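Here the structure is a predicted model, which means the values were calculated and not measured.
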Amino acid sequence: MGNLILKNCKTIDNNTINIIIENGKIKEIKKTILPSDTTTDKTIDLKDKIVIPGLIDPHVHFRDPGLTHKETWKTGSQAAAHGGYTTVIDMPNTIPKTDTLQNFQEKKKIAQENSIVDFGLQAGVKTEQDVLEINKEKPASYKIFMDLHTNEQLDKMFSYVGKTDKPLCLHCEDKTLVDYNIKRLKENPESKEKIITYSYARSPLTELIAVNRAIELGKKYKLQLHLCHISTRQTLELIHEAREKLNITIEATPHHLFLENSIYKTYGVKAKTNPPLRDSNYNITVSNLNEFDSIGTDHAPHTIEEKEKDTWSSAAGIPGLETSMKLLLTEVNNNNLTLHDIVRLMCNNPAKIFKIPNKGKIEKEYDADITVIDMKETGKISTENTYTKGKYTPFENRPYKGSNIMTINRGTVICENDEVYEHNGKYIY
């Protein structure tokens with residue numbers, strides 16, 4: 001692992017600094033470089049480009065093992081590096097699910113051999129014994145998809161996680177109401193083939209009910225909860241009330257921030273995702289980000305063939321790793337966000353919530369994970385030069401101003417000028 005000096009870096013507070021990196025760590029941050037500082041393998045002059053901590057995405061689906069026709073650890077982590085991310089946390093719903101010690105260890109081995117970026121793994125929840133066995137492997141957290149389980153099952157699963165020291169991440173949609181709505185709408189000849197119907201089957205009420213249930217069980221078992229991809233303003237109100245008595249954090253996704261369900265009219269069923277996009281009576285926007293703790297892309301690629309089936313059979317999920325920064329930095333240029341917001345939501349807080357050591361800040365002795373951004377770069381979002389296998393995006397041809405231009409992981413440049421280099425990512429715990 002070589003040493004590196006980053007010269008003429010601009011901070012988000014508009015200060016110019018020089019970052020001296022040794023053995024993958026930030027050794028010093030200086031205003032002035034001395035001759036004695038330059039005995040290093042490489043010096044990069046950033047010419048006043050802005051540096052922020054390496055982005056952390058706590059919510060990706062790399063599909064490996066079992067679904068590698070959609071994504072692999074190699075292609076997914078390349079997409080992460082290309083998008084400015086230096087650390088990702090993968091979800092447990094692969095084949096097999098990451099809900100036993102053996103399955104967890106096998107996925108970890110695959111990631112260690114193939115990941116370009118550093119990584120953590122979320123574990124599924126199967127039995128109490130499985131949860132406790134996996135806990136010894138230091139998962140980032142546990143994950144429950146509430147739309148797949150009855151209330152009785154959820155009570156047991158929450159209790160298992162309560163016996164660990166890990167956060168519980170939740171996909172919040174109520175199974176009973178989702179199942180009822182889908183059955184009712186499928187039987188309605190006027191609505192069953194309309195693409196937008198899917199967003200009503202998984203209505204805002206399904207999210208609200210599930211979050212209310214999660215809060216009750218979180219209090220009961222004294223859990224740290226992290227609620228993934230919260231999609232409605234009404235749910236935010238409920239969570240705000242619960243924060244006083246419960247350790248609870250919430251995540252937004254770029255597609256819920258930037259899209260409404262009217263996108264189905266132009267982009268079609270490929271915009272389908274869970275939870276679905278909302279209409280203007282419910283949807284969150286960038287203006288709501290002050291109420292959120294993190295941004296996770298919920299990067300969930302599928303093949304085009306899987307996405308272009310009918311309303312009910314089409315796969316749900318949108319790739320997000322390579323579009324998120326362009327979308328968000330455009331909002332900074334439009335004065336709707338600040339770079340401080342991005343660092344809080346995509347660097348500082350994810351490291352804090354998931355207790356990731358030595359990441360999330362540009363500070364002495366921290367991992368030299370750095371994302372370099374150019375606030376003046378312009379273009380249109382395209383899947384043409386992306387690394388993910390999911391070659392589709394509802395943001396196709398959307399203009400942007402501001403982009404990540406270099407990604408550095410533990411002192412090694414892993415992406416520059418849209419080219420991703422070979423690198424060995426590490427398990428973060």
Side-chain angles (χ1 to χ4, degrees), residues 52-63 71 73 76-77 79-81 83-94 98 104 107-108 111 115 117-125 138-145 161 165-172 214 223-231 239 247-257 273-275 289 292-301 317-325 328 341-361 367 369 371 407 409 425-429:
I52 62 174
L55 303 179
I56 300 171
D57 191 341
H59 193 153
V60 303
H61 297 266
F62 281 177
R63 311 298 192 193
E71 195 78 288
W73 266 100
S77 62
Y85 292 87
T86 57
T87 302
V88 297
I89 299 177
D90 188 59
M91 298 295 107
N93 57 333
T94 43
T98 317
F104 189 94
K107 181 187 278 191
K108 183 178 176 181
S115 187
V117 298
D118 291 349
F119 66 94
L121 301 177
Q122 290 198 16
V125 179
K138 299 181 179 180
S141 56
Y142 292 86
K143 175 73 177 284
I144 296 175
F145 296 83
V161 180
D165 58 347
K166 299 297 180 184
L168 175 59
C169 294
L170 296 167
H171 177 121
C172 297
L223 288 163
Q224 175 189 345
L225 299 183
H226 184 70
L227 308 185
C228 300
H229 43 49
I230 293 302
S231 63
I239 296 168
N247 184 358
I248 181 170
T249 53
I250 50 175
E251 167 195 289
T253 71
H255 48 270
H256 288 113
L257 290 169
T273 186
N274 294 335
L289 275 176
F292 283 86
D293 301 286
S294 67
I295 292 175
T297 65
D298 192 9
H299 176 82
I318 297 171
L321 282 165
E322 294 169 273
T323 56
S324 294
M325 276 300 276
L328 292 163
D341 292 325
I342 288 179
V343 170
R344 175 180 69 87
L345 293 162
M346 303 177 77
C347 310
N348 301 160
N349 281 357
K352 182 179 178 181
I353 293 166
F354 294 96
K355 300 178 178 64
I356 305 173
N358 302 314
K359 293 188 185 292
K361 298 180 181 180
D367 287 352
D369 291 355
T371 300
T407 312
N409 182 212
K426 289 187 177 181
Y427 193 60
I428 57 178
Y429 297 105

Would you say the side-chain atoms of [X] and [Y] include a donor-acceptor pair closer than 3.5 Å?
X	Y	answer
Asp293	Asn349	no
His59	Glu251	yes
Ser141	Lys166	no
Glu71	His299	yes

Worksheet item: Checking Ser115 side chain against Ala111 main chain: does a donor-acceptor pair fall under 3.5 Å?
Response: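 Answer holds: no.
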Practice prompt. List the steps, then state whether side-chain contact (heavy atoms from CB on, under 4.5 Å) holds for Thr87 with Phe119.
Written response: CA-CA 5 Å; Thr87 302; Phe119 66 94; over 6 Å; no
Fill in: Atom of Thr407, atom of Ala81 and distance for their closest heavy-atom approach
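Nearest heavy atoms, Thr407 then Ala81: OG1-O, 2.7 Å.
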Worksheet, complete the sentence: Between Cys172 and Leu227 the two heavy atoms that sit nearest each other are SG-CD2, 3.9 Å
Fill in: Asp118: salt bridge (Lys or Arg N to Asp or Glu O under 4.0 Å) partners, not counting sequence neighbours
Lys359, Arg410
Worksheet item: Which residues pass the ring-ring contact (aromatic ring centres under 6.0 Å, His included) test with His256, sequence neighbours left out?
Response: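 Scan of His256 (ring-ring contact (aromatic ring centres under 6.0 Å, His included), adjacent residues dropped) gives none.
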Worksheet item: Can you list the residues that meet the ring-ring contact (aromatic ring centres under 6.0 Å, His included) rule with Phe292, with sequence neighbours excluded?
Response: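 None.
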Practice prompt. Scan Thr94, Asp298, Asp90 and name whichever one has a side-chain hydrogen bond (donor to acceptor under 3.5 Å, both in side chains) with His61.
Written response: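 Testing each of Thr94, Asp298, Asp90 against His61, the sole residue satisfying side-chain hydrogen bond (donor to acceptor under 3.5 Å, both in side chains) is Asp298.
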Discussion item. Let me confirm one number: the NZ-CG distance from Lys107 to Leu121, rounded to the nearest 0.5 Å.
Written reply: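 Result: 6.0 Å between the selected atoms.
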